[in-house]
Amino acid sequence: SPPAPSSWDAAYERELQTFQDIGDAGEIWFGEESMVRIIRWLEKQKVPLDSSVLDIGTGNGVLLIELAKSGYMNLTGIDYSPSAIQLSEKVREKEGMSNIKLKVEDFLAPSAELSGFEICIDKGTFDAVSLNPDNAVGKRKQYVRSLCSVLKPEGLFLITSCNWTKEELLNEFREGFEILEELPTPKFCFGGRIGNSVTALVFQRK
C-alpha cells in the first residue's frame, strides 16, 4: 500500500533528485498495468480525446504523459506535494508535453477553478487519504464532497485502490455516485485463497 502522506514529500524529493541525476521518473506506485487498464477502458468507451481529465494526486505525472501519448488533449494533474508537481513538470518537459496542466492543490480543499471535469482518475490517493491517522473518516467524506464539486454530473470517476474492496468502495462513494463497471485486475493467491490485491472501479456521478 502507498506510504502515509507525511512521507510522500520525502519520497518525491528523492525522485526529483534522481530524475535530475539520471533522467528517471522514479517509481510508478501501481505499475504500468494499472495505467494501461485505465487508458484501454477510456479508448474502449470511445471517450472523446478532448474530454477534460483530472488526475488526482498525479505524483510524477506519468499517467498524464501516457494519456497525452494516447491523444488526450485536455489534461490536468494536481498533487498536494510541491515536490511531486516539480517532478511531474520536469517529466513533462522531458517528454515535450506542453498541453498538460499541473497544479499544487489539496484535493480535500480544492480551489474554485478546479471544476467542470468530465473524468477524474485516482490511483492510490484515496488510499493515502484513508490512511491518514488524523480523522480518516472525516477526510474520506470530504474527499467524496470534493469529487462531487470538481466532477460534472454524469462525469466518470476511475479509482484504483489497493486498500479497499469493491463493496467498501461502493459504500464510500454511495452518496452521489453509481458504479458503471469493475475493471479486471490481477489476482493473487495467498495460502490457497485467491483474492484481489487491487480493485479498479468506474463510477458515474449522478
Side-chain angles (χ1 to χ4, degrees), residues 2 8 25 27-81 84-85 87-88 91-92 95 97 99-108 110 114-130 140 143-164 166 169-170 172-173 176-185 198-205:
W8 283 117
E27 186 173 358
I28 299 166
W29 295 116
F30 279 88
E32 296 286 339
E33 37 134 47
S34 73
M35 295 201 298
V36 170
R37 186 184 309 123
I38 289 164
I39 292 167
R40 287 247 171 88
W41 190 85
L42 293 172
E43 287 174 342
K44 193 181 84 192
Q45 301 302 313
K46 308 219 175 349
V47 169
L49 294 176
D50 60 354
S51 304
S52 52
V53 179
L54 177 66
D55 186 18
I56 301 165
T58 193
N60 53 25
V62 173
L63 173 63
L64 293 173
I65 299 287
E66 292 305 317
L67 283 164
K69 286 178 180 170
S70 301
Y72 292 88
M73 297 171 274
N74 191 349
L75 302 170
T76 301
I78 58 167
D79 204 291
Y80 91 121
S81 159
I85 293 298
L87 177 63
S88 48
V91 174
R92 173 184 69 182
E95 298 282 349
M97 300 287 184
N99 56 352
I100 297 174
K101 296 189 277 296
L102 296 163
K103 296 179 187 154
V104 177
E105 284 261 7
D106 176 1
F107 190 66
L108 299 183
L114 210 66
S115 71
F117 287 94
E118 291 160 288
I119 296 160
C120 288
I121 302 176
D122 180 321
K123 302 192 343 299
T125 299
F126 184 71
D127 287 355
V129 166
S130 314
R140 293 204 301 273
Y143 181 102
V144 177
R145 282 197 294 272
S146 293
L147 188 61
C148 283
S149 79
V150 304
L151 188 61
K152 280 182 174 170
E154 302 192 351
L156 302 173
F157 173 54
L158 288 79
I159 181 169
T160 304
S161 168
C162 61
N163 289 12
W164 299 94
K166 176 184 177 181
L169 288 171
L170 289 178
E172 292 289 329
F173 291 93
F177 294 88
E178 53 198 354
I179 185 164
L180 281 187
E181 199 171 333
E182 179 175 14
L183 306 186
T185 59
V198 175
T199 303
L201 303 179
V202 181
F203 285 98
Q204 185 164 33
R205 194 184 148 200

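- Taking all atoms of both residues into account, the shortest heavy-atom contact from L75 to A68 is CD1-N, 3.6 Å.
- Within the 4.5 Å cutoff, the side chain of F107 has heavy atoms near those of the L147 side chain.
- Between the CG atom of L49 and the CE atom of M73 there is a distance of 5.0 Å, given to the nearest 0.5 Å.
- No more than 12 heavy atoms of other residues, nucleotides or ligands lie within 6.0 Å of CZ in R40, so this atom counts as exposed by the packing criterion.
- Here the closest non-hydrogen pair linking N163 and S161 is N-OG, 3.1 Å.
- For V104, the side chain to side chain contact (heavy atoms under 4.5 Å, CB included) partners at least two apart in sequence or on another chain are P82, I85.
- The two residues C148 and R205 make their nearest non-hydrogen contact at O-NH1, 2.9 Å.
- The line from CE of M35 to CG of L67 is 9.0 Å long, rounded to the nearest 0.5 Å.
- Interatomic distance, CD of E66 versus CG of D55, reported as 12.0 Å (0.5 Å rounding).
- Minimum interatomic distance between S130 and R140 (heavy atoms only, all atoms of both residues): OG-CD, 3.6 Å.
- Side-chain atoms of T185 do not come within 3.5 Å of backbone N or O of A200 as any donor-acceptor pair.
- Residues C162 and D127 approach most closely at N-OD2, 2.8 Å, considering heavy atoms.
- Counting only heavy atoms from C-beta outward, the side chains of E95 and I100 never approach each other to under 4.5 Å.
- When the side chain to side chain contact (heavy atoms under 4.5 Å, CB included) test is applied to I179, the partners found at least two apart in sequence or on another chain are K166, L170, L201, F203.
- A side chain to side chain contact (heavy atoms under 4.5 Å, CB included) with K123 is found for one member of T160, I159, L158, V198 and no other, namely T160.
- Residue I38 holds its CD1 atom at 5.5 Å from CD1 of I121, rounded to the nearest 0.5 Å.
- The structure places CD of E181 at 4.5 Å from NZ of K44, a figure rounded to the nearest 0.5 Å.
- Listed by chain and number, the residues in a salt bridge (charged side-chain N to carboxylate O under 4.0 Å, His left out) with E118 amount to none (sequence neighbours excluded).
- For the residue pair K152 and G116, the shortest heavy atom distance occurs at CE-O, 3.3 Å.
- Side-chain contact annotation: S52 with N74, donor-acceptor N/O pair under 3.5 Å absent.
- Ring orientation note: the planes of F126 and Y143 are nearly perpendicular, at an angle over 60° on the 30°/60° scale.
- Note that CD of E172 and CZ of F177 are 12.5 Å apart. Values are rounded to the nearest 0.5 Å.
- Evaluated for a side chain to side chain contact (heavy atoms under 4.5 Å, CB included) with S88, the options I78, T58, L64 yield exactly one hit, T58.
- Side-chain atoms of Q204 do not come within 3.5 Å of backbone N or O of E178 as any donor-acceptor pair.
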